[in-house]
Every structure is written in structure tokens, then in C-alpha cells.
Amino acid sequence: MTDRKLIELAAEAMENSYSPYSRVKVGAAVECTDGTVYQGCNIENTTIGATICAETAAIAGAVSAGRRDFLRIAIVAENSNTYRFPCGACRQMLMEFSPDMEVLSARGDGRYVSYSLAALLPMPFGKE
Ligand code: THU
């Protein structure tokens with residue numbers, strides 16, 4: 001799958017964002033080693049603390065479907081003129097399953113950057 005296609009799938013998921021409190025729509029698409037993609041969006045809650053990030057929603061869907069082999073994740077935020085990256089908790093969530101994966105972040109104008117998860121989360125709390 002191309003980077004562009006994965007970003008497109010993240011943007012598609014963003015449309016389902018439930019974010020009446022922050023009004024920040026976020027979408028994510030995580031690609032497994034066989035090309036299967038799981039999408040997620042941020043889901044806010046009036047209790048605020050119960051909010052789920054788009055990345056975690058995507059990972060939850062994938063893991064619930066039996067997948068833990070992630071190659072890449074793409075993240076898109078609505079009208080974003082800056083690159084948005086996964087929050088610390090989402091980085092750790094990704095690290096749990098696929099420390100070698102790549103993280104793509106796309107801006108509203110379609111430009112995107114790619115970083116290794118290891119670069120975004122150096123010295124993680126490891127399993128071993
Ligand atoms: N959010 C994500 O979906 N992913 C992140 O990595 C950080 C933040 C969401 C949570 C909340 O609904 C909105 O963005 C504003 O913080």
C-alpha cells in the first residue's frame with residue numbers, strides 16, 4: 001500500500017470523529033504486515049478523561065481482530081497546518097506491539113512526514 005493510500009484511509013476515518021468538546025477531528029489508519037488496515041477516530045466523552053485517541057481506537061480494532069503485527073500508522077487531523085504526532089500514551093500503545101513500525105503524519109495540505117516509532121519514543125518502558 002502506498003503512503004498516500006494509508007493517509008487517505010486515515011482521513012476517511014477522521015470523518016467519523018466524535019469530538020464535540022475539542023472540535024479537533026483526528027483519524028488514524030494502521031497497516032498490518034499483510035496489508036490489512038484498521039481505521040480509528042478520536043472519541044470524546046463529557047467526562048473528558050474517558051476520551052479515546054484515534055490511534056488507540058485503530059489499534060484497539062486491530063488487536064480485537066487478532067492482529068498485532070503493525071508496519072505503519074498514518075495520522076491526520078482536520079484542517080491541520082502542522083504535523084500531528086501520536087500522544088505519549090499512544091506511542092507506548094504502538095510500542096507494545098510493533099517497536100519497529102513507522103509513523104506517518106499528514107497535514108491538511110497533503111504533505112506528510114514519516115518517522116520511526118523508535119525515534120518518537122526513545123527509551124520506552126520495555127516488556128523484557
Ligand atoms: N487526540 C488523538 O486522537 N490522538 C492523539 O495522539 C492526541 C490527541 C485527540 C484527543 C482529543 O479528542 C483531541 O485529539 C484533542 O486533544
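Since the model is a prediction, treat every value here as computed from it, not as a measurement. Along the sequence shown, the residues carry numbers beginning at 1. Just so you know, ligand 1 is whichever comes first in the structure, and atom 1 is the first atom listed for that ligand. Both backbone and side-chain heavy atoms feed into the values below; hydrogens, waters and symmetry mates do not.
- In the vicinity of Glu44, heavy-atom distances shorter than 4.0 Å reach the ligand 1 atoms 11 (C), 12 (O), 13 (C).
- Listed by number with element, the atoms of ligand 1 under 4.0 angstrom from any heavy atom of Ser22 are 13 (C), 15 (C).
- Contact atoms of ligand 1 toward Ala54: 2 (C), 3 (O) (distance under 4.0 Å to a heavy atom of the residue).
- Atom CG of Leu94 and atom CG of Asp100 lie 12.5 Å apart (nearest 0.5 Å).
- Near Asn42, meaning under 4.0 Å from one of its heavy atoms, ligand 1 places the atoms 3 (O), 9 (C), 11 (C), 12 (O), 13 (C), 14 (O).
- Heavy-atom contacts from other residues, nucleotides or ligands closer than 6.0 Å to OH of Tyr21 number more than 12.
- Using a 4.0 Å cut-off between charged nitrogen and carboxylate oxygen, Arg72 and Glu31 count as a salt-bridge pair.
- For the pair Asp109 and Arg111, the salt-bridge criterion is not met [side-chain N within less than 4.0 Å of a carboxylate O].
- Assignment of Pro86 to the shell around ligand 1 is supported, since a heavy atom sits closer than 4.0 Å.
- At distances below 3.5 Å, not a single donor-acceptor pair connects side-chain atoms of Arg67 with backbone N or O atoms of Gly61.
- With a heavy-atom cut-off of 4.0 Å, Arg84 does not touch ligand 1 at all.
- Here Cys87 has heavy atoms under 4.0 Å from ligand 1 in both its backbone and its side chain.
- Linking ILVMFWY residues whenever their side-chain heavy atoms come closer than 4.5 Å, directly or via other members, leaves Met93 and Ile52 in distinct clusters.
- Listed by atom number, the atoms of ligand 1 under 4.0 Å from Glu55 heavy atoms are 2 (C), 3 (O), 4 (N), 5 (C), 6 (O).
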